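Data first, discussion second: the structure below is written as structure tokens.
Keep in mind it's a predicted model, so treat the numbers as computed, not measured.
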Amino acid sequence: MSENTMSENTTPKSTAAVPLLVIVGLLATVGYFAADDAHMAAQWAECNSLPVSWQMYVTAYGGLTCGVVALFLTDRLVRRTGSMTWVAGVSAVGAAVLLLVHGFLVHWLYQPDPGGVISCAG
């Protein structure tokens, strides 16, 4: 009886946390592209290449972390309840997409600028 009660008390928190993490990860994706646009505008304003901003690192790694934690919590939730609910399924797909997108964004942070060096001379 106490094991069943413990599972019922902790399951709603996990169920609510997973979609919330996916939403925060999606917001991190939007934040990354906003930071990337601001970085590109700053480079053109300076007429020089600038280092990648800290906001780009925070949003890329933050979204990746949200995806990993959401998948972990989804796995934990499925193991506790013994079944996959539609919320867990949708959240697992969203977390997997976050992992793919933010894995690519983290990789992209460490690549040279494909446009080359920005110069306003001539």
Mark yes or no for whether Gln43, through its side chain, and Leu50, through its backbone, hold a donor-acceptor pair below 3.5 Å. yes
If you compare all heavy atoms of His39 against all heavy atoms of Ser53, which two are closest, and at what distance to 0.1 Å? CD2-N, 4.0 Å
Parallel, tilted or perpendicular, as decided by the 30° and 60° cut-offs, for the rings of Phe104 and His107: tilted
Which pairs count as side-chain hydrogen bond (donor to acceptor under 3.5 Å, both in side chains) when at least one residue sits in residues 88-98, sequence neighbours excluded? none
Test of understanding: clusters of I, L, V, M, F, W, Y form through side-chain heavy atoms closer than 4.5 Å, transitively. Do Val106 and Val97 belong to the same one? yes
Using a 4.5 Å cut-off on heavy atoms from C-beta on, say whether the side chain of Leu98 contacts that of Val68. no
Kindly compute the distance separating CD (Gln111) from CG (Leu109), expressed to the nearest 0.5 Å. 9.5 Å
Could I get the full list of side-chain contact (heavy atoms from CB on, under 4.5 Å) partners for Leu105, not counting sequence neighbours? Tyr32, Phe33, Ala60, Val101, His102
Between the CG atom in Leu77 and the OG1 atom in Thr85, the distance rounded to the nearest 0.5 Å is 6.0 Å
Determine whether Val22 and Cys66 make a side-chain contact, defined as any pair of heavy atoms from C-beta on separated by less than 4.5 Å. no
Give the minimum heavy-atom separation between Val78 and Ala88, together with the two atoms involved. CG2-CB, 4.4 Å
Non-hydrogen side-chain atoms of Leu64 and Leu99 separated by less than 4.5 Å: yes
Same apolar cluster: Tyr110 and Met56, side chain cutoff 4.5 Å: yes
Residues Gly67 and Ala95: closest non-hydrogen pair is O-CB, 3.7 Å
One should read off an interatomic distance between Asp36 CG and Trp108 CH2, to the nearest 0.5 angstrom, of 9.5 Å
Taking side chain as C-beta onward, heavy atoms only, is Thr65 less than 4.5 Å from Val69? yes
